[in-house]
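Reading through the C-alpha cells given below for one structure.
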Amino acid sequence: MTQIGLLLPRSAMYPTMNFDLVDGLKASLAHAGITDFEIKTAGIGLGTSDKEIYTSCEKMIFDGVEVIAGYVNPSTAEMLQPLFENANALFLELSPGYQLHSPGYKPRNNFAITLDGILACRTLPAIAANNGDSSFAFTCSFFDAGFRAPFSFFNGLTDVGSQTVFNHAIQLRKADFTLEPLTEYIKAHPGTALMVASCGDMVTDLFGGMEAEPIYAGVSAYAAPFVAEETWLSKSPYPGADITVLVPWSSTLHSESNDAFIAAMKKKNRTANLFSLLSWEAGQMIARALQTSEIADRIALLENYSFVSPRGQVTINADTHESNAPLYLASIKENDTSGMCVLEVQGEADSKLVADNRQKLQHEIENAEGPFTSWFNAYGCLE
C-alpha cells in the first residue's frame with residue numbers, strides 16, 4: 001500500500017480548508033484509478049513554524065510515506081528540500097501563489113502547484129492599460145500587505161508605463177475599518193482607477209464600505225485573484241461597479257475535467273473550491289509519479305509533465321518545477337437575485353501576455369535584492 005502524506009493548515013477565514021485538501025486528494029486519486037493507498041495527515045497550524053513542519057515531514061517519511069503534499073509557504077518548501085533529497089522522497093508544495101521563491105533557488109525533489117496569484121497581479125495592469133486606465137489608487141488589507149500582491153501590481157504598472165498615485169492599507173482591527181482616506185482621494189481626483197488586494201471577510205468589509213459610497217459606482221476597479229474567491233464573494237455586497245480580475249479557476253468553467261472535479265467533490269458533500277483544486281492536481285501528479293518506484297524516474301516523469309486539470313492544461317516547468325496554467329479574465333458582478341456578488345468568466349486571458357509576464361516575473365525573482373519582510377502565515381490562514 002502506498003502511503004501519501006498531507007500537511008494540513010487551519011484557517012478561521014476558510015474553515016473547511018483542511019477538509020477540502022483531504023477530500024480533493026482522495027477524490028483525485030480515486031478518479032485516476034488508484035485505490036491501494038493510505039493518506040497520513042499532520043496539522044501545521046497556520047503554517048508559521050518551519051521546525052514543526054520539518055518534524056512532521058520527517059516522522060511521516062520514517063513511517064514509510066513516499067510523497068508528501070502541503071499547503072505551505074515557498075520558504076518552507078525550500079527549507080524542506082534537503083530532507084526530501086536525503087530521504088529519496090517527493091514534496092509537492094500547494095500554493096496560492098502569493099509569495100516568491102528565493103533568488104537562485106533550484107528545486108530538485110520539490111515541485112510546486114501554484115494558483116499564480118502574483119502572476120495574475122503582474123499581468124492585470126496591461127489589461128487595465130488596454131482599457132485606458134493608467135493611474136491607480138491601490139488599497140489592500142493589512143493581511144495582504146504582508147504578501148506579494150503589491151510587489152507584482154507595482155512591477156506590472158511600471159512595465160506598461162502606468163503609475164500608482166495613492167496607497168491605502170485597511171486597518172487590522174475591524175473596529176478601525178475606514179475607507180475615508182481612499183474615498184476622499186478618489187473624490188478629489190476623478191479618473192483615478194482602483195487596484196485591490198484582499199481576501200475572505202476583508203473583501204466583505206471592503207465591498208460594504210464601497211457600496212455605501214456612491215463615488216465607487218463610477219470608478220474602474222481591478223483586483224487580485226483571491227478577491228474573487230467564490231465562497232466569500234457570494235457573501236459580499238456588490239461594491240457599486242463591476243471589478244475586473246484574473247483568476248486561475250472558477251466553478252463555472254465549462255469543461256469535462258471541471259465537471260468531473262465538481263461532481264467528485266459533490267459526492268463527498270463538498271463544494272469545489274481553490275483548495276480542493278490544489279489537492280486534486282496534487283493527486284494527478286502523484287498518480288503520475290507512482291508509475292515508477294525509483295525517485296530519479298519519478299522526478300523525470302514530473303518534469304515537463306502536462307495534464308488536463310479542472311482549470312485547463314497544466315504543464316510542469318522542468319527548470320522551476322512549478323505548474324504553468326492558464327489565467328481567466330473575469331468580472332465581479334452583481335447577483336440580481338441576492339444583491340451580493342457573483343463571478344462571471346469572460347474567457348481565457350491572452351496566453352502570450354500571461355507567458356510574457358511569467359517570464360518577467362521569474363527574472364524579477366532571480367534578480368531581487370535586499371530583504372523581504374513577510375507574514376509567516378500561509379496565505380489565508382488566520383485565527
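We count residues from 1, following the sequence as given.
More than 12 non-hydrogen atoms from other residues, nucleotides or ligands lie less than 6.0 angstrom from CD of Q346.
The ring pair (Phe, Tyr, Trp, His ring centres under 6.0 Å) search around Y216 returns none, not counting sequence neighbours. Remark: D350 pairs with no residue by the salt bridge (charged side-chain N to carboxylate O under 4.0 Å, His left out) rule, at least two apart or across chains. With sequence neighbours excluded, the residues satisfying side chain to side chain contact (heavy atoms under 4.5 Å, CB included) with K360 are R122, D159. Judged as a side chain to side chain contact (heavy atoms under 4.5 Å, CB included), and not counting sequence neighbours, the contacts of E383 are R10, L46. Considering only residues two or more places apart in sequence or on other chains, T55 meets the side chain to side chain contact (heavy atoms under 4.5 Å, CB included) condition with none of them. Considering only residues two or more places apart in sequence or on other chains, S234 meets the side-chain hydrogen bond (donor to acceptor under 3.5 Å, both in side chains) condition with none of them.
Under the 4.5 Å side-chain contact rule for hydrophobic residues, Y379 and I118 do not share a cluster.
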*Let me see the working for S28 and Q284 under side chain to side chain donor-acceptor pair (under 3.5 Å), right down to the final yes or no.*
CA-CA 6 Å; S28 178; Q284 292 182 272; 5.2 Å; no

_CA sep, side-chain torsions, deciding dist, call: F166, F136, ring pair (Phe, Tyr, Trp, His ring centres under 6.0 Å)_ = CA-CA 7 Å; F166 187 80; F136 291 88; over 10 Å; no

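Nearest approach of A282 to L94, heavy atoms of both residues: CB-CD2, 3.9 Å.
Identified under the salt bridge (charged side-chain N to carboxylate O under 4.0 Å, His left out) test for residues 193-208, with sequence neighbours left out: K174-D201, K174-D205. Within the structure, every pair that satisfies the side chain to side chain donor-acceptor pair (under 3.5 Å) test and touches residues 297-309, not counting sequence neighbours, is listed here: E66-R298, E281-S309, E303-H321, S306-Q313, S306-T315. Sorted by first then second residue, the salt bridge (charged side-chain N to carboxylate O under 4.0 Å, His left out) pairs that include residues 88-111, not counting sequence neighbours, are E85-R108. Every pair passing ring-ring contact (aromatic ring centres under 6.0 Å, His included) that includes a residue from residues 50-76 is listed here, sequence neighbours excluded: Y71-F275. Sorted by first and then second residue, the ring-ring contact (aromatic ring centres under 6.0 Å, His included) pairs with a member in residues 73-94 read F84-F91; sequence neighbours excluded.
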Under 3.5 Å, which donor-acceptor pairs link side chains of residues 29-40 to any protein atom two or more places apart or in another chain?
unit_1	atom_1	unit_2	atom_2	d
K40	NZ	Q3	OE1	2.7

